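Remember, predicted model here, so these are calculated numbers, not experimental data.
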2 protein chains.
Amino acid sequence: MELIYRFRDTTLATLALTHRSAGKPNNERMEFLGDALLGAIVAEMLYETHPKATEGEMSRLRAQLVNGQALADVARQLELGDRLKLGSGELKSGGFRRDSILADAFEALVAAVYLDGGFEACRDTVRGLFADRVAALPRSSKDAKTRLQEWLQAQGWPLPQYELVGAQGEDHARIFDVNCVVMEPLAITAMGRGSSRRLAEQDAAETVLARLLDAKEAP
Amino acid sequence: MELIYRFRDTTLATLALTHRSAGKPNNERMEFLGDALLGAIVAEMLYETHPKATEGEMSRLRAQLVNGQALADVARQLELGDRLKLGSGELKSGGFRRDSILADAFEALVAAVYLDGGFEACRDTVRGLFADRVAALPRSSKDAKTRLQEWLQAQGWPLPQYELVGAQGEDHARIFDVNCVVMEPLAITAMGRGSSRRLAEQDAAETVLARLLDAKEAP
């Protein structure tokens, strides 16, 4: 499959596909810009397609779509491996097949489209490449407490405890603070806040899930 | 100072300034989108203004510009605190002065401008607000090894050790692998790679700095 974009300035495309092992200039700076653009364009797609999802859910869905392995898959679909410029060491060790190198090149290519054609061209290209992947995401995901519980169970680890640590405000506008305590081996405690105890627990579970995601642990 | 943007649909601006303590709908979902857009627009500014900066340097500079405290400052400059919609609990406890609430509202407002006026309007607005801040950044920063060393010294901690762990490729295209070992209390080891030992060391130091930044430790 081809990238549905025709470069005016092909030197930008070439630079995007030049790995640092091939010397300088290379695609590392473009990768920084492309990563940010990709994050914004995919964020907008999720914002549109998942109107009920919370911020935490959208973060997790985006991480699924733009993690290194997922982007390497997109890069393979575009057959970027054949067009990479690599140094001789990486060439011999098969760098054109490596997820991280492919993912970085794809991100750099997103920046190249932006620099060459502007935001709308970049957005159209990314949306075209990710439309099916976004459509394949679950529509309404399970709530945070359920997801955390199921994942801990799957690891054979103890289930989290929820402890009410405080409540403030008048009766008609109470705010509840709840700690979600996850035992060893994770040993994470996170506070949640909400207008009911149940919402505060969901909020705390959401925070634990976000930390696990940051640590690339799951779920 | 006013936001240099006039909304066509003012409900978007109102939603952007509605904190979750005021109920639903609130600005949490918009904040997700705004955070991503802001990251991309500021990335582009740094890409343009710091043509010699590495990816790691641009990441760090961006984190300086868009961290919670920096965004709260922008929000105060725009006097967003007076226009926030907060629940009664947050109102009483002075939520309109809190960095996190102000920063989130600013991010949501960036998304509101995008949704109302499109990317160029959003980009112009953000660039206007950040131009002076970007111009005030150091032009060429110290190299990664120097920054890491100075920061460790300032903490009174031991200096990192660099160990050559391997070299591959033919003489004219050698690739060096170096470990940067940071002792207790940090206890971080990171590998770097480069076409010279010196570049591999810089690369390894850069990776350590990136991890410290992820862990919000510094420098």
- line: Scored by heavy-atom pairs under 4.5 Å with chain B, the best of A:Gln168, A:Arg20, A:Arg174 is A:Arg20
query: Closest approach of B:Ala36 and A:Ala43, non-hydrogen atoms and distance?
result: CB-CB, 3.8 Å
field: A:Arg29 and B:Glu55: CA distance, side-chain angles, deciding distance, side-chain contact (heavy atoms from CB on, under 4.5 Å) verdict
entry: CA-CA 5 Å; A:Arg29 284 171 44 82; B:Glu55 189 179 0; 5.7 Å; no
task: Give me the ring orientation class for B:Phe119 and A:Phe119: parallel if the planes are under 30° apart, tilted from 30 to 60°, perpendicular past 60°.
output: parallel
query: If you look at every heavy atom in B:Leu33 and A:Ala40, which pair is closest and at what distance?
result: CD1-O, 4.2 Å
field: Interface moiety of B:Asp203 toward chain A, non-hydrogen atoms closer than 4.5 Å
entry: side chain
statement: Note: vs chain B, highest number of non-hydrogen pairs under 4.5 angstrom among A:Met58, A:Glu120, A:Arg193, A:Glu44 is A:Met58
task: Please indicate whether B:Asp132 has more than 12 foreign heavy atoms, meaning atoms of other residues, nucleotides or ligands, lying under 6.0 Å from its CG.
output: no
- request: With rounding to the nearest 0.5 Å, note down the distance linking OG1 in A:Thr54 to CZ in B:Phe32.
  value: 9.5 Å
field: Choice from B:Arg123, B:Glu90, B:Arg62 maximising heavy atom contacts with chain A below 4.5 Å
entry: B:Arg62
- request: Measure distances from B:Lys24 to the heavy atoms of chain A and classify the residue's part below 4.5 Å as side chain, backbone, both or neither.
  value: neither
- request: Select one option (side chain, backbone, both, neither) describing which atoms of A:Ile41 are under 4.5 Å from chain B's heavy atoms.
  value: neither
